[in-house]
Amino acid sequence: MTADTVADLTADPTSAVRLLGAVFRHGQCAGRIVETEFYDQTDPASHTFGGPTPRNQPMFEAAGHLYVYRSYGIHWCANIVVGEPGWGSAVLVRALAPLEGIDLMWSRRPRAKKATDLCSGPGKLCAALDVDRTDTGQYLIDGGRISLELAEPPEPDAVLVGRRVGITKAVDRPWRFSFDDPNVSKPRPRR
DNA sequence: TTTAGGATGAACT
DNA sequence: GTTCATCCTAAAA
């Protein structure tokens with residue numbers, strides 16, 4: 001939890017906590033990360049559970065890479081790779097508090113009714129920031145069109161913990177973390 | 001070559 | 001609360 005840069009993030013759930021508050025930027029748009037989930041190679045719910053495949057290859061790169069996958073044939077979901085190269089673990093970005101390029105986000109998500117509809121879910125934030133397959137494997141450090149700026153480590157009291165969402169395996173692992181923020185997606189974590 | 005099913009969101013009743 | 005849209009990957013055949 002003492003990581004100074006994204007490249008220092010280790011392959012454990014503390015990385016998901018450390019990423020809370022970080023600013024995720026893609027092109028003109030940016031948002032503050034308010035909800036994350038941790039996934040690991042030992043985790044039956046993870047795409048890397050069965051080892052490397054052409055699809056999940058980016059998750060085996062060094063910490064600080066991006067892994068984007070298609071969900072239910074419809075949505076894109078963005079993950080920040082953590083841990084050493086060769087070990088498949090990553091943190092799913094589940095919700096953002098919009099910061100910049102908010103007009104652009106509205107134009108990409110015309111069905112949103114409230115500002116908190118723009119990025120309050122993993123598929124929504126990818127639509128709002130225009131993240132898709134072409135971004136998978138990108139390195140978030142060297143300021144391309146995608147980047148990530150770490151914030152100060154969050155106060156432990158400010159972090160809510162819960163079980164992960166939308167999975168059928170290992171649902172009991174308390175690897176979902178969030179702030180108490182209106183942009184957090186549906187079943188809100190407690191504690 | 002075929003097929004099953006998934007880390008979701010939106011539009012229904 | 002329930003349904004459905006819809007695509008890609010991985011694994012089976």
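The figures here come from the full heavy-atom set of this structure, side chains too, leaving out hydrogens, waters and symmetry mates.
On the nucleic acid side, DNA chain B contacts chain A at distances under 4.0 Å to non-hydrogen atoms, with the end points of that region at B:dG6 to B:dA11.
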Report task. Walk me through it: do A:Q41 and A:S46 pass the test side-chain hydrogen bond (donor to acceptor under 3.5 Å, both in side chains)? Result -> CA-CA 6 Å; A:Q41 197 168 341; A:S46 172; over 6 Å; no

Report task. Using the side-chain contact (heavy atoms from CB on, under 4.5 Å) rule, take A:L66 and A:E61 through it: C-alpha gap first, then chi angles, then the decisive distance, then the call. Result -> CA-CA 9 Å; A:L66 191 71; A:E61 300 292 329; over 6 Å; no

Requested in this report: Before giving the answer on side-chain hydrogen bond (donor to acceptor under 3.5 Å, both in side chains), spell out for A:W87 and A:D40 the whole-Å C-alpha distance, their side-chain angles and the decisive distance to 0.1 Å.
Outcome: CA-CA 8 Å; A:W87 181 251; A:D40 182 85; 3.1 Å; yes

**Report entry** Steps toward side-chain contact (heavy atoms from CB on, under 4.5 Å) verdict (A:N79, A:V68)
**Finding:** CA-CA 6 Å; A:N79 299 255; A:V68 179; over 6 Å; no

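Sorted by first and then second residue, the pairs that involve residues 168-190 of chain A and meet ring pair (Phe, Tyr, Trp, His ring centres under 6.0 Å), not counting sequence neighbours, are A:F38-A:W175.
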Query raised in the report: Please, what dot-bracket string fits DNA chain B when only Watson-Crick and G-U pairs with both distances under 3.5 Å count, crossing ones use [ ] and pairs to another strand use |?
Result: ||||||.|||||.

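For A:Y39 and A:H47, the ring centers are positioned 6.0 Å apart or more.
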Atom pairs, protein N/O to nucleotides 10-13 of chain C N/O, distance under 3.5 Å:
unit_1: C:dA10; atom_1: OP1; unit_2: A:T53; atom_2: OG1; d: 2.2

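Contact check on A:R164 versus A:E37 returns no salt bridge, with no Lys/Arg side-chain nitrogen under 4.0 Å from an Asp/Glu carboxylate oxygen. No salt bridge links A:R188 with A:E35; every basic N to acidic carboxylate O contact stays at or beyond 4.0 Å.
Minimum heavy-atom separation, A:L96 to A:P98: O-CD, 3.5 Å.
Between the P atom of C:dC8 and the OH atom of A:Y67 lies a distance of 14 Å, rounded to the nearest Å. Atom CG in A:D132 sits roughly 14 Å away from atom C1' in C:dC7 (whole-Å rounding).
The environment of A:E84 atom CD is sparse: at most 12 non-hydrogen atoms of other residues, nucleotides or ligands sit within 6.0 angstrom. Other residues, nucleotides and ligands place no more than 12 heavy atoms under 6.0 Å from the CD atom of A:Q28. The 12-atom threshold is exceeded at CZ of A:R70, counting heavy atoms of other residues, nucleotides or ligands nearer than 6.0 Å.
Counting only heavy atoms from C-beta outward, the side chains of A:F24 and A:I146 approach each other to under 4.5 Å. Residues A:I80 and A:V6 are in side-chain contact: their nearest non-hydrogen atoms beyond the backbone lie under 4.5 Å apart.
For residues 21-30 of chain A, proximity to DNA chain C is found at no residue, defined as any non-hydrogen atom under 4.0 angstrom from a strand atom. Contacts between residues 84-113 of chain A and DNA chain C, defined by a heavy-atom separation under 4.0 Å, are absent.
Residues A:Y72 and A:R133 both approach DNA chain C. Their nearest nucleotides, taken by heavy-atom distance, put A:Y72 toward the 5′ side.
Distance check, rounded to the nearest 0.5 Å: CG of A:L92 to OG of A:S71 gives 9.5 Å.
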